[in-house]
Amino acid sequence: MATVRIGAVAKATGCTPRALRHYEQEGLIASARAANGYREYDDAVVTRVRNIRHLLDAGLTLDDVRAFLPCLDGDVASAPPSPAGLRIGRERLAVLDARIAAQVAVRDRLAAALQAATPPAAPPPSPLLSPPPRMR
C-alpha cells in the first residue's frame with residue numbers, strides 16, 4: 001500500500017491537518033514517521049477519516065465514534081446500523097434534544113424579558129386625524 005502525507009489526506013478528506021493530528025491523538029487513525037519526521041499515512045486512512053467525518057457530521061462525538069472503530073475502514077454511510085450503533089445514536093439524540101430544549105427555554109426567557117422591558121409602540125395615527133394630502 002502507498003503512503004500519503006498529512007497534507008494529501010487533509011485535501012482528500014476536507015479535514016485540516018490539525019483535525020487529523022487530533023484524530024491520531026485520540027487513537028482513531030495511525031501514522032508512521034518518515035526519516036524527516038513527517039507523518040505518513042496508509043492511503044486507506046482516507047476512507048477512515050471520511051467515515052469519522054460522516055459520524056461527526058451526524059451529531060456523534062469522538063467518544064461515540066470510538067465505538068465504531070471496527071467499521072471505520074468500510075462503507076459506514078451505507079452499511080446497515082448495528083444494535084450498538086443505534087443505541088449510541090439514540091443516546092446522542094436524547095442529549096441533543098435536551099440541549100435544544102434548554103436553549104429554547106433560555107430563548108423564551110430572554111424574549112419575555114425584552115418584551116417586558118420594551119415600551120409599547122405608539123399606535124399609528126388615525127386616518128381621521130391625519131392632515132389631508134397636499135394638492136399640487
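Below, all heavy atoms of this structure are taken into account, side chains as well, without hydrogens, waters or symmetry copies.
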**Request:** Could you tell me which residues satisfy side-chain contact (heavy atoms from CB on, under 4.5 Å) with Ala101, sequence neighbours excluded, listed by chain and number?
**Result:** none

**Asked** So do the side chains of Leu56 and Tyr23 get within less than 4.5 Å of each other, counting heavy atoms only?
**Response** yes

**Request:** Return each pair, listed once, that meets salt bridge (Lys or Arg N to Asp or Glu O under 4.0 Å) where at least one residue sits in residues 112-128; pairs must be two or more places apart or across chains.
**Result:** none

**Complete:** Rounding to 0.5 Å, atoms CG (Leu28) and CG (Asn51) come to a distance of 11.5 Å

**Contacts of type side-chain contact (heavy atoms from CB on, under 4.5 Å), residue Asp42, not counting sequence neighbours** = Met1, Ala44

**Prompt:** Is Ile88 reachable from Leu69 through a run of I, L, V, M, F, W or Y residues, each pair having side-chain heavy atoms under 4.5 Å apart?
**Reply:** yes

**Message:** I need the full list of salt bridge (Lys or Arg N to Asp or Glu O under 4.0 Å) pairs touching residues 98-126, with sequence neighbours left out, sorted by first then second residue.
**Reply:** none

**Request:** May I have the step-by-step check of side-chain contact (heavy atoms from CB on, under 4.5 Å) for Phe68 and Leu55, ending in yes or no?
**Result:** CA-CA 9 Å; Phe68 292 88; Leu55 294 170; 3.9 Å; yes

Tell me which donor-acceptor pairs under 3.5 Å the side chains of residues 58-67 have, and how far apart each pair is, sequence neighbours excluded?
| residue | atom | partner | partner atom | Å |
| --- | --- | --- | --- | --- |
| Thr61 | OG1 | Asp63 | N | 3.4 |
| Thr61 | OG1 | Asp64 | N | 3.1 |
| Thr61 | OG1 | Asp64 | OD2 | 3.1 |
| Asp63 | OD1 | Arg66 | NH1 | 2.7 |
| Asp64 | OD1 | Arg92 | NH2 | 3.4 |
| Asp64 | OD2 | Thr61 | N | 3.0 |
| Asp64 | OD2 | Arg92 | NE | 2.7 |
| Asp64 | OD2 | Arg92 | NH2 | 3.2 |
| Arg66 | NH2 | Glu26 | O | 3.1 |
| Arg66 | NH2 | Glu26 | OE1 | 2.7 |

**Message:** If hydrophobic residues (ILVMFWY) are linked whenever their side-chain heavy atoms come closer than 4.5 Å, directly or via other members, who joins Val104 in its cluster?
**Reply:** Ile100

**Message:** Under 4.5 Å side-chain heavy-atom separation, chaining through any Ile, Leu, Val, Met, Phe, Trp or Tyr, what else clusters with Leu114? Say none if it is isolated.
**Reply:** Leu110

**Item:** Pairs flagged by side-chain hydrogen bond (donor to acceptor under 3.5 Å, both in side chains) wherever residues 70-83 is involved - sequence neighbours left out
**Value:** Arg48-Asp73, Asp75-Ser78

**For Ser31, all residues meeting side-chain contact (heavy atoms from CB on, under 4.5 Å), sequence neighbours excluded** = Glu24, Arg39, Tyr41

Can you give each donor-acceptor pair under 3.5 Å made by side-chain atoms of residues 11-20, sequence neighbours left out, with the distance rounded to 0.1 Å?
| residue | atom | partner | partner atom | Å |
| --- | --- | --- | --- | --- |
| Thr13 | OG1 | Val9 | O | 2.7 |
| Thr13 | OG1 | Cys15 | N | 3.4 |
| Thr16 | OG1 | Ala19 | N | 3.0 |

**Request:** Mind checking salt bridge (Lys or Arg N to Asp or Glu O under 4.0 Å) for Arg53 and listing every partner two or more places apart, or none if nothing turns up?
**Result:** Asp57

**Asked** What do the steps show when you test Val4 against Glu40 for side-chain contact (heavy atoms from CB on, under 4.5 Å), and what is the final call?
**Response** CA-CA 5 Å; Val4 291; Glu40 290 185 336; over 6 Å; no

